[in-house]
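First up is the structure itself, then whatever we jot down about it.
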Amino acid sequence: MAKVENPLVGAVDQGTSSTRFLIFSSETAELVTYHQTEIKQYYPKDGWVEEDPIEILQSVKTCIEKATENLKALGRSPNDIKCIGITNQRETTVVWDKVTGLPLYNAIVWLDLRTSSTVEELIDKTPQKDKDYLRPYCGLPITTYFSAVKLKWLIDHSEEVRKAVEQDRCLFGTVDSWLLWNMTGGPGRGQHVTDVTNASRTMLMNIHNLQWDDKLCNFFSIPKSILPAIHSSSEIYGHVVDGPLKNLPISGILGDQQAALVGQTCFSVGQAKNTYGTGCFLLYNTGTNLVESKTGVLTTVAYKLGKNKPVVYALEGAVAIAGACVKWLRDNLGIIQSAPDVEKLASAVDNTAGCYFVPAFSGLFCPYWQDDARGTICGLTQYTNKHHLGRAALEAVCFQTREVLDAMNKDSGIPLTSLQVDGGMTGNNLLMQLQADLLGINVVRPSMTETTALGAAMAAGYAEGVKVWDLDNLGSNEIVTDVFQPSIRERERDQRFGRWKMAVERSLNWAQKDECKVSLEDTGFWKTLGIGWFVWTSFGLVMLANFLHNR
């Protein structure tokens with residue numbers, strides 16, 4: 001077979017709010033073409049967030065079809081694509097019937113809060129009622145964020161899921177597994193596989209030996225039989241069975257944040273990137289050294305680029321609400337027409353006029369891990385207007401990143417001197433400048449911001465049996481960047497951060513349990529006695545008045 005000049009690599013980028021299929025040059029890493037479609041979220045109850053797995057799958061097929069049509073219009077053939085990779089929203093949980101191929105429940109999205117009571121029950125059964133009890137095994141705290149808690153909730157609360165588990169018909173996976181199983185044939189043929197980065201976010205994989213762990217599975221009462229096989233992030237898992245890319249190898253899988261780390265070429269210990277999307281995720285490469293966090297950040301797998309390659313670890317700081325905050329300004333308040341409008345809105349003022357916005361819509365993630373935190377806006381006056389609120393929303397993203405970075409610097413012992421960034425929000429120049437100001441270090445943005453999809457393409461093109469991408473000789477110095485430098489003094493930076501911390505304190509413990517129930521335990525004996533005394537005294541006075549009137 002003749003060698004294809006400038007072979008191409010495709011990447012499925014299945015995110016929280018949209019799906020894309022992107023096609024890259026394996027020689028220059030340039031984006032050739034892509035197609036994108038939005039994904040609908042469902043909110044059946046307060047704090048619940050779901051997506052339709054069938055819609056997710058169909059969106060991938062649509063994006064592949066449209067992107068390959070675009071490629072033909074550019075004079076290139078889909079046959080020039082040598083392989084594809086998958087990168088996905090992590091922790092989002094899918095369960096399906098391996099006989100029918102149909103979902104057993106909607107996908108429960110990573111920021112869903114329905115498992116709060118499940119988390120409490122799990123923590124209560126640990127010896128010291130410690131949310132970090134499982135950290136030595138999986139690197140993660142017991143919170144609503146991770147897949148095992150969602151999967152346990154499904155088994156406990158869905159009759160259909162429970163029966164499918166009992167009848168050995170149920171399969172579980174994060175979005176990568178759901179897509180791979182379907183794209184490689186579905187019932188009877190599909191490959192039920194995940195990679196080490198996605199497996200490391202379930203709370204079921206032992207982070208030391210990269211295997212499903214008996215102790216962890218038993219703790220959550222989850223049978224191993226429903227779990228996918230764990231593979232490296234770069235190898236041939238199977239081949240596409242239909243569509244314009246039929247018979248093409250699928251040879252790379254990375255969770256979206258790990259994919260961005262690879263796409264940013266953060267291959268050296270001490271390099272870090274921050275991705276600004278629906279949430280905000282900062283990963284710090286610790287190499288083959290597994291660092292156990294003491295500050296509330298996560299220990300996770302960064303990548304394993306081949307069956308026989310070493311596993312590389314990272315520290316990760318996760319923020320639940322970043323771009324979702326801007327979406328809230330658009331959809332709930334209506335003060336902007338589109339997400340990019342927030343930059344113009346916020347640029348109309350020089351500061352927030354003392355307004356601080358803590359967007360804890362889904363609780364607070366790193367470093368607090370408090371499900372009961374709720375969104376708070378502090379410092380409002382009659383002078384405050386929508387421009388101040390928009391700027392406070394952008395600053396909230398930056399302050400949350402600083403909290404994560406401060407914790408990470410303590411764990412690593414080597415403070416970052418610059419931060420590489422990517423994601424949709426990085427197109428906002430004001431946000432990037434605010435981030436540099438509030439961190440006190442340079443913020444470095446690549447000119448090509450599609451680093452998440454690029455990372456998946458790199459992993460796929462690097463796999464044995466494909467090898468169209470040379471990662472061994474790829475350096476970050478080849479990437480063209482924009483650099484944002486701090487422009488405020490340290491004293492101002494620390495003062496503003498101190499006020500932010502005050503606002504955070506006001507957001508904590510806001511979602512009270514059983515708010516409608518009043519008991520002696522909740523109110524105290526004397527408060528209860530006072531209420532009772534008032535009621536009975538009032539009743540007595542009414543009766544006395546009625547008696548005197550009748551006389």
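At distances below 3.5 Å, at least one donor-acceptor pair connects side-chain atoms of Q264 with backbone N or O atoms of V421. Under the 3.5 Å distance criterion, the side-chain polar atoms of T87 are left unmatched by any main-chain donor or acceptor of A456. At distances below 3.5 Å, not a single donor-acceptor pair connects side-chain atoms of E51 with backbone N or O atoms of V109. Panel note: side chain H387, backbone L345; a donor-acceptor pair is recorded below 3.5 Å. Looking only at distances, a side-chain donor or acceptor of S26 sits under 3.5 Å from a matching main-chain atom of V468. With hydrogens and angles ignored, the 3.5 Å screen pairs no side-chain donor or acceptor of E91 with any backbone N or O of F146. With K150 contributing its side chain and W110 its backbone, the two residues share a donor-acceptor pair below 3.5 Å. Here the side chain of N70 pairs a donor or acceptor atom with the backbone of Y34 at under 3.5 angstrom. A distance-only check finds no donor-acceptor pair linking the side chain of T184 to the backbone of V240 [under 3.5 Å]. Using a distance-only test at 3.5 Å, with no hydrogens or angles considered, a donor-acceptor pair links the side chain of E343 to the main chain of L430.
Residues passing the side-chain hydrogen bond (donor to acceptor under 3.5 Å, both in side chains) test with S18 are Q36, sequence neighbours excluded. For A260, the side chain to side chain contact (heavy atoms under 4.5 Å, CB included) criterion is met by K273, T275, D422, T451, T452, not counting sequence neighbours. Under the side-chain hydrogen bond (donor to acceptor under 3.5 Å, both in side chains) criterion, Q258 pairs with R90, sequence neighbours left out. Residues passing the ring pair (Phe, Tyr, Trp, His ring centres under 6.0 Å) test with Y303, sequence neighbours excluded: F267. Remark: T28 pairs with S25, E30 by the side chain to side chain contact (heavy atoms under 4.5 Å, CB included) rule, at least two apart or across chains. Legend: residues meeting side chain to side chain contact (heavy atoms under 4.5 Å, CB included) with V483, ordered by chain and number and at least two apart, are N442, V444, T481, Q485. Here F361 pairs with W328 under the ring pair (Phe, Tyr, Trp, His ring centres under 6.0 Å) rule; sequence neighbours left out. Legend: residues meeting side chain to side chain contact (heavy atoms under 4.5 Å, CB included) with I236, ordered by chain and number and at least two apart, are H239, P249, S251, V466.
The side-chain hydrogen bond (donor to acceptor under 3.5 Å, both in side chains) test with N88 is passed by exactly one of T19, T174, N198, D256: N198. The only member of L282, V397, N428 that meets side chain to side chain contact (heavy atoms under 4.5 Å, CB included) when paired with Y276 is V397.
With respect to the salt-bridge test (charged N to carboxylate O, under 4.0 angstrom), the residues R114 and E50 qualify. Looking at K304 and D195, no side-chain N of the basic residue comes within less than 4.0 Å of a carboxylate O on the acidic one, giving no salt bridge.
Interatomic distance, L419 CG to N274 CG, rounded to the nearest 0.5 Å: 5.0 Å. Of the inter-residue distances, the one linking S234 atom OG with K467 atom NZ reads 7.0 Å to the nearest 0.5 angstrom. With rounding to the nearest 0.5 Å, the separation of CG in L405 from SG in C366 is 12.0 Å. In this structure, OG1 on T93 lies 14.0 Å from CH2 on W178, to the nearest 0.5 angstrom. Atoms OG and NZ, from S59 and K40 in turn, are 14.5 Å apart once rounded to the nearest 0.5 Å. With rounding to the nearest 0.5 Å, the separation of CD1 in I253 from NE2 in H231 is 9.0 Å.
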Under 3.5 Å donor-acceptor pairs involving side-chain atoms of residues 42-49, not counting sequence neighbours:
none

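Within the structure, salt bridge (Lys or Arg N to Asp or Glu O under 4.0 Å) contacts touching residues 10-21 (residues at least two apart or in different chains) are D13-R20, R20-E450. Applying the ring pair (Phe, Tyr, Trp, His ring centres under 6.0 Å) test to every pair with at least one member in residues 51-89, sequence neighbours left out, gives no pairs at all. Applying the salt bridge (Lys or Arg N to Asp or Glu O under 4.0 Å) rule to pairs touching residues 55-68 yields nothing, sequence neighbours excluded.
The aromatic ring centroids of W212 and F172 lie 6.0 Å or more from each other.
Looking only at atom types and distance, the side chain of N429 has no donor-acceptor partner in the side chain of Q433 under 3.5 Å away. Under 3.5 Å, the side chains of D80 and S77 contain no donor-acceptor pair of N or O atoms.
Two residues are said to be in side-chain contact when any heavy atoms from C-beta on lie closer than 4.5 Å; I84 and M183 meet this criterion.
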Check against side chain to side chain contact (heavy atoms under 4.5 Å, CB included), T300 and R201: CA-CA 7 Å; T300 195; R201 313 297 294 189; 3.1 Å; yes

Verdict with reasoning, V196 to I230, per side chain to side chain contact (heavy atoms under 4.5 Å, CB included): CA-CA 6 Å; V196 289; I230 301 174; 3.7 Å; yes

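Between A322 and G277, the shortest heavy-atom contact is CB-O, 3.7 Å. Closest heavy-atom contact between R76 and N6: NH2-O, 3.0 Å.
Ring geometry for W181 versus W96: interplanar angle of 30 to 60°, hence tilted.
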